[in-house]
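In the text below, chain A, chain B and the rest are named by the order of the sequence lines, each starting its count at 1. Just so it is clear, the model here is predicted, and its values are computed rather than measured.
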Protein chains: 2
Amino acid sequence: MDGRGTAGLLYLREEEIRLAMELLFYGYRDFTAGPDAILAELDMGRAHHRVLYFVGRHPGITVSELLGILRITKQSLGRVLQPLIAGGYVVQSRGRSDRRQRLLSLTPAGEALERRLFESQRALLARAFRDAGGPAVEGFRKVMLGLLGPEARARLGLRVAAAGAPVAGKVA
Amino acid sequence: MDGRGTAGLLYLREEEIRLAMELLFYGYRDFTAGPDAILAELDMGRAHHRVLYFVGRHPGITVSELLGILRITKQSLGRVLQPLIAGGYVVQSRGRSDRRQRLLSLTPAGEALERRLFESQRALLARAFRDAGGPAVEGFRKVMLGLLGPEARARLGLRVAAAGAPVAGKVA
DNA sequence: GGATTACGTCAGTATCGTTGACATATCAAC
DNA sequence: GTTGATATGTCAACGATACTGACGTAATCC
């Protein structure tokens, strides 16, 4: 390969990388716009949404586990968790095996709010999936999985693999 | 279709959607970790990175255009832009056709810093792309494009289409 | 010459993150 | 059963990033 050819390939490659960066920036920005609008009416923010989401996904999750997922300090969590509890969206219960733990779950009101936020994003994602098509969705998952650190990859890797073969017997 | 079958499909679909949501959450979190660490040493944050990135991408960009991309107020931009100018990373020049405009560009120091931040993310993205493979990358772009609002889609849509056919004559 | 536009800035506020320190309850172990 | 570690909560101070509202200046447009 000569100098010009190599430079050309590097240029294309950099453009591809920058395109992906911008897709992630704009995509994340626009993907969170729906919930943000709903939350603003309730005097809540994105941090509340994240708590609602992961508590909903993992009923009975401990505070420590939640802190690990969100990667924030317990002080930061406290500031959003306490209003969610006071507002009747989240309940705490003591761990039966370890009574030091406060296991978190959503109340019916919490589930309703989480679902409302979810549906707003679901509509957007479902349309994007439909427009892009099945193989594209699989590619999306593969690339996104590659961006994750080891901890998140361990958490989601199996699910990505399973989603890649949604029907028993389908070729992976 | 009977009730059970429909419920099953809806369940799978919701799991798929939630998986994508979590991939976006963890992916964005882990993708920004590299630059965040570099920026912290320079007493800067993600907001400074975004300015460096888009000014680098669009040399001579006006303040208004930058505000439109970032979707922030001029007051918020001012707080990060002024230190970048004072630190010698960004320069302003008056517009030749419209002297009210302040056209923004990176200095060599700004380009060097932007490149350093870029390379940290490039390494991660390039590995994810390589591991996922070309068709997956194309799918990734398609899905992400579908998440964008009209304004961002107009900005990136053509580039996504071009990236889907990187070599002249290749089938789209 | 008057309205609009592009930009800057001052003042105040909100959200979400941080560090550091300290308290309490519980568990685990010797 | 004291002792040390763990799980959680909380007080205080701080920092980054966003916001609104108001005002000022310079340049352009008509």
J.: Identify whether any heavy atom of B/T73 sits under 4.0 Å from a base atom; if not, whether one sits that close to sugar-phosphate; answer base, sugar-phosphate or nothing.
T.: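 Contact class for B/T73: base.
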J.: Could you give the CD-to-P distance, from B/E41 to D/dA16, as a whole number of Å?
T.: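 The answer, rounded to whole Å, is 15 Å.
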J.: OP1 or OP2 of C/dG17 sitting under 4.0 Å from any side-chain N/O of A/R50?
T.: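 Checking C/dG17 against A/R50, a side-chain N or O does come within under 4.0 Å of OP1 or OP2.
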J.: Quick one: do B/I85 and B/L103 end up in the same hydrophobic cluster if we chain Ile, Leu, Val, Met, Phe, Trp and Tyr together by side-chain heavy atoms under 4.5 Å apart?
T.: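 Looking at the clustering, B/L103 is in a separate group from B/I85.
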J.: Do side-chain atoms of A/Q121 reach the backbone of A/G34 as a donor and acceptor pair under 3.5 angstrom?
T.: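 Between the backbone of A/G34 and the side chain of A/Q121 there is no qualifying donor-acceptor contact (under 3.5 Å).
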J.: Return the residues of residues 83-92 of chain B meeting this criterion: a heavy atom under 4.0 Å from some atom of DNA chain C. Order them by number, or give none.
T.: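 Listed by number, they are B/Q92.
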J.: Given D/dT17, D/dT8, C/dA6, which nucleotide is nearest the side-chain atoms of B/D98?
T.: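 Side chain of B/D98 sits closest to C/dA6.
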J.: Side chain of A/Q75 only, heavy atoms from C-beta on: which candidate in D/dA7, D/dT17, D/dT10 is closest?
T.: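 Out of D/dA7, D/dT17, D/dT10, the nucleotide with an atom closest to A/Q75's side chain is D/dT10.
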J.: Given D/dA27, is OP1 or OP2 found less than 4.0 Å from the side-chain N or O atoms of B/R99?
T.: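 It does, given that an N or O in the side chain of B/R99 lies less than 4.0 Å from OP1 or OP2 of D/dA27.
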J.: Start at the 5' end of DNA chain C and walk down; is the nucleotide closest to B/L81 or to A/I72 reached first?
T.: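 Nearest nucleotide further toward 5': that of B/L81.
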J.: Apply the test side-chain contact (heavy atoms from CB on, under 4.5 Å) to residues A/L24 and B/F140: give CA-CA distance (whole Å), side-chain angles for both, the deciding distance (0.1 Å), then the verdict.
T.: CA-CA 10 Å; A/L24 282 167; B/F140 163 79; 4.3 Å; yes
J.: In degrees rounded to 10°, what angle is found between the helical axes fit to the five outermost pairs at each end of the helix from C/dG1-D/dC30 to C/dC30-D/dG1?
T.: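 What I find for the helix from C/dG1-D/dC30 to C/dC30-D/dG1 is an axis angle of 30°.
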J.: Within this structure, what is the CG-to-P distance between A/L66 and D/dG9, rounded to whole angstrom?
T.: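 Interatomic distance, CG of A/L66 to P of D/dG9: 11 Å.
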J.: Roughly how far, to the nearest 0.5 Å, is CZ of A/R115 from CD of A/E111?
T.: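 Between A/E111 CD and A/R115 CZ, I get 9.0 Å after rounding to 0.5 Å.
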J.: Could you work out which one of D/dT8, C/dG8, D/dA27 sits closest to the side chain of A/T62?
T.: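 The answer is D/dT8.
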J.: Select one nucleotide: of C/dG8, C/dT18, D/dA7, the one nearest the side-chain heavy atoms of B/R102.
T.: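 In terms of side-chain proximity for B/R102, the closest of C/dG8, C/dT18, D/dA7 is C/dG8.
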J.: Can you identify which nucleotide, out of C/dA25, D/dT8, D/dT17, has its nearest atom closest to the A/Q101 side chain?
T.: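 The answer is D/dT8, which lies nearest to the side chain.
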J.: Hey, is the main chain of B/G149 close enough, under 3.5 Å, to the side chain of A/D30 for a donor-acceptor pair?
T.: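 It does hold such a pair.
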J.: Would you kindly give the CD1-to-C1' distance between A/I61 and D/dA7, to the nearest whole Å?
T.: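 One finds 14 Å between C1' of D/dA7 and CD1 of A/I61, rounded.
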J.: Can you tell me the distance, in whole Å, between the CG atom of A/L103 and the P atom of C/dT26?
T.: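 From A/L103 CG to C/dT26 P: 14 Å.
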J.: Using whole Å, what does the distance between atom P of nucleotide C/dT5 and atom CG of B/L67 come to?
T.: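 Taking atom P of C/dT5 as the reference, CG of B/L67 is at 16 Å.
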J.: So that I can tick it off, tell me whether A/R57 and B/E15 are bridged by a salt bridge, with the cut-off set at under 4.0 angstrom between side-chain N and carboxylate O.
T.: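 Here B/E15 pairs with A/R57 in a salt bridge, since their nearest N and O are under 4.0 Å apart.
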J.: Measure from CG on A/L42 to P on C/dA14 and round the result to the nearest Å.
T.: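 The answer, rounded to whole Å, is 18 Å.
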J.: Short question: side chain of B/E22, backbone of B/L19 - any donor-acceptor pair under 3.5 Å?
T.: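 Flag not set: sc B/E22 to bb B/L19 has no pair under 3.5 Å.
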J.: Taking atom types as they are modelled, would you say the side chain of A/R100 forms a donor-acceptor pair with the base of D/dT8 within the 3.5 Å cutoff?
T.: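 Under the 3.5 Å cut-off, the side chain and the base do not form any donor-acceptor pair.
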J.: Take the protein atom CZ of B/R96 and the nucleotide atom C1' of D/dT28, then report the distance between them rounded to whole Å.
T.: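 Nearest whole value for this atom pair: 15 Å.
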J.: By nearest nucleotide on DNA chain D, pick out whichever of B/H48 and A/V63 is the more 5' one.
T.: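 The residue whose closest nucleotide sits nearer the 5' end is A/V63.
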J.: Can you tell whether the side chains of B/K142 and B/E138 come within less than 4.0 Å, N to carboxylate O?
T.: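 Salt bridge: no.
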J.: If you only use heavy atoms from C-beta on, which nucleotide in D/dA12, C/dA11, D/dA18 is closest to the side chain of B/S76?
T.: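 Within the option list, the nearest is D/dA18.
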J.: With a 4.0 Å cut-off on heavy atoms, is A/G45 in touch with a base, just the backbone sugar-phosphate, or nothing at all?
T.: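 Sugar-phosphate: the residue A/G45, judged by heavy atoms under 4.0 Å, touches backbone atoms but no base.
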J.: Nearest whole Å is fine: how far is D/dT6 P from A/E65 CD?
T.: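 For the pair A/E65 CD and D/dT6 P, the rounded distance is 16 Å.
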J.: Just call it for B/R79: base, sugar-phosphate, or nothing, with non-hydrogen atoms closer than 4.0 Å on any strand.
T.: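 If one applies the 4.0 Å heavy-atom cut-off, B/R79 turns out to touch a base.
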J.: Taking the six-membered ring for Trp, are B/F54 and A/F25 closer than 6.0 Å centroid to centroid?
T.: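 When the ring centroids of B/F54 and A/F25 are compared, they turn out to be within the sub-6.0 Å range.
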J.: Any carboxylate oxygen within less than 4.0 angstrom of a Lys/Arg side-chain nitrogen, looking at A/R18 and B/E114?
T.: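 Yes, charged N to carboxylate O under 4.0 Å.
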J.: Kindly compute the distance separating CG (A/L106) from CD1 (A/I61), expressed to the nearest 0.5 Å.
T.: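 Rounded to the nearest 0.5 Å, the CG-CD1 separation comes to 10.5 Å.
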